[in-house]
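Inspection log for the structure reproduced underneath, given as structure tokens.
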Amino acid sequence: MIRLLLEWYRRHFSDPQAVILALLLITGLLVVVFAGRLLAPLLASIVIAYLLDGAVDKLLRWRVPRMVAVVFVFVLFIVLILAILLGPIPLITQQVAQFFSELPNMVAKGQEQLMLLPERYPHLISEPQVIELINTLRTEITTLGQHVLSVSLSSVVGLITILVYVILVPLLVFFFLKDKYKIMTWVTGFLPEERSLSSRVWAEVNDKIASYVRGKFIEVAFVWVASYIAFMILGMNYAMLLSFLIGLSVIIPYVGATIITFPVALVAYFQWGVNVHFAYAMLAYGIIQFLDGNLLVPLLFSEVVNLHPVAIIVSVIVFGGLWGVWGVFFAIPLATLIQAVLNAWPAPLDQQLDESVE
């Protein structure tokens, strides 16, 4: 067994560059797994600075001084954050509270509809089965209510955490943008001088990751706004809350759109029942999903994502389990990184010898 492991190591890690790349990847993974929560403000600041740096670079190509470009982009970023915090967020919070206040009425109406099932379909479902289903739903709703109560009781701690993020993250973003080259020079000083393989992998995925993340933010904003406008025109309840959830659902490929269909259908059903208004709401939702999947996604990510759907779903499961929401968001870039590493990894020593002989 030991000899097999040594042989495997000799075949795949005979190149020192491969060892360096493997150590860098393992170090990054360990930092995320064991210190991800502690370093969350720092990691969030790095991600935001990475996104904003593209706009800074564009201004630099227009011969704008770097400090002026950094200040301009940073001010726009702060204005955008304030607009979100003072605009949609309070409305979303209000609609969440309204939803839970109306939830008992929805449950009662749902129970009435469920009790009609044994009369309409006596061969498919019986009254004891319906009663058991209702009791199960009541238990789940009670558990959800207790969870919401526990979250509200810990709101002081959550408020302090939010204040820390509000103060620290913008400061870190500004200094990351301002002192980008100084920080990169300092970090690379700890790396080996000979790191050509790592540099080649980074060069391959850098543009793809940046384009993907920026494109994903555009996609979320487009789907959010389009859904909100459609639901407002239809007069649908919880328009801002549902459109916000629909926007976030595009972060999770394939799965997100399927999951968010249920709350949209339930809200439309409890508001209008099964009629023409319900059909219009679901049709509008379907059109938005169709435009997103068949027009917007190919336009934004046609040259970025070249992964099989199975690889995308597996990466969402794995990285989401390791890193929570951030892992889900960066599942595809991380999968792209793994793909680039596999493509750039040196061939085994015996394969290199065979190729040289040929």
message = Hydrophobic cluster membership, with links at side-chain heavy-atom distances under 4.5 Å among I/L/V/M/F/W/Y: are Val264 and Phe262 in one?
response = no
ask   = Nearest heavy-atom pair of Ile167 and Pro170: which atoms, and what distance?
value = O-CD, 3.6 Å
message = Using the side-chain contact (heavy atoms from CB on, under 4.5 Å) criterion, which residues pair with Gln94? Sequence neighbours excluded.
response = Leu91
Please tabulate, for the side chains in residues 53-74, all donor-acceptor contacts under 3.5 angstrom to protein atoms that are two or more places apart in sequence or on a different chain.
| residue | atom | partner | partner atom | Å |
| --- | --- | --- | --- | --- |
| Asp53 | OD2 | Lys180 | NZ | 2.8 |
| Arg66 | NH2 | Leu177 | O | 2.8 |

ask   = Is there a chain of hydrophobic side chains (I, L, V, M, F, W, Y, each step under 4.5 Å between heavy atoms) that links Phe290 to Ile259?
value = no
Cut-off 3.5 Å, no hydrogens considered: what does the side-chain donor-acceptor table look like for residues 238-245, sequence neighbours left out?
| residue | atom | partner | partner atom | Å |
| --- | --- | --- | --- | --- |
| Tyr238 | OH | Glu102 | OE1 | 2.6 |
| Ser243 | OG | Trp224 | NE1 | 3.4 |
| Ser243 | OG | Ala239 | O | 2.9 |
| Ser243 | OG | Met240 | O | 2.9 |

task = Could you state whether Val274 and Leu283 fall into the same hydrophobic cluster, counting links through intermediate Ile, Leu, Val, Met, Phe, Trp or Tyr residues with side-chain heavy atoms under 4.5 angstrom apart?
result = no
query = Does Val267 belong to the same Ile/Leu/Val/Met/Phe/Trp/Tyr cluster as Met232, with side-chain heavy atoms less than 4.5 Å apart forming each link?
reply = yes
ask   = If you look at every heavy atom in Ile288 and Ala230, which pair is closest and at what distance?
value = CD1-CB, 4.2 Å
key: Asn275 vs Phe278, side chain to side chain contact (heavy atoms under 4.5 Å, CB included): CA-CA, chis, key distance, verdict   = CA-CA 5 Å; Asn275 57 19; Phe278 176 85; 3.9 Å; yes
task = Count the heavy atoms belonging to other residues, nucleotides or ligands that lie under 6.0 Å from CZ of Phe175, then report whether that count exceeds 12.
result = no
key: salt bridge (charged side-chain N to carboxylate O under 4.0 Å, His left out) partners of Lys216, counting only residues at least two apart   = Glu219
key: Between CD1 on residue Ile81 and CD1 on residue Ile48, distance to nearest 0.5 Å   = 6.5 Å
query = Within the distance-only criterion (no hydrogens, no angle test), does the side chain of Gln271 pair as donor or acceptor with the backbone N or O of Gly235 below 3.5 angstrom?
reply = yes
ask   = Does CZ in Phe270 sit with more than 12 non-hydrogen atoms of other residues, nucleotides or ligands closer than 6.0 Å?
value = yes
task = Spell out, yes or no, whether Val223 and Phe217 are grouped together once hydrophobic residues are joined by side-chain heavy atoms under 4.5 Å, including indirect joins.
result = yes
note = Sorted by chain and number, sequence neighbours left out, side-chain contact (heavy atoms from CB on, under 4.5 Å) with Ile84 holds for Leu80, Ile89
ask   = Could you state the interatomic distance from CZ (Phe231) to CE (Met236), rounded to the nearest 0.5 Å?
value = 5.0 Å
ask   = Can you list every pair that meets side chain to side chain donor-acceptor pair (under 3.5 Å) and has a residue in residues 288-297, with sequence neighbours left out?
value = Tyr285-Gln289
key: Heavy-atom closest contact (Ile260 atom, Ser249 atom, distance)   = CG2-OG, 3.9 Å
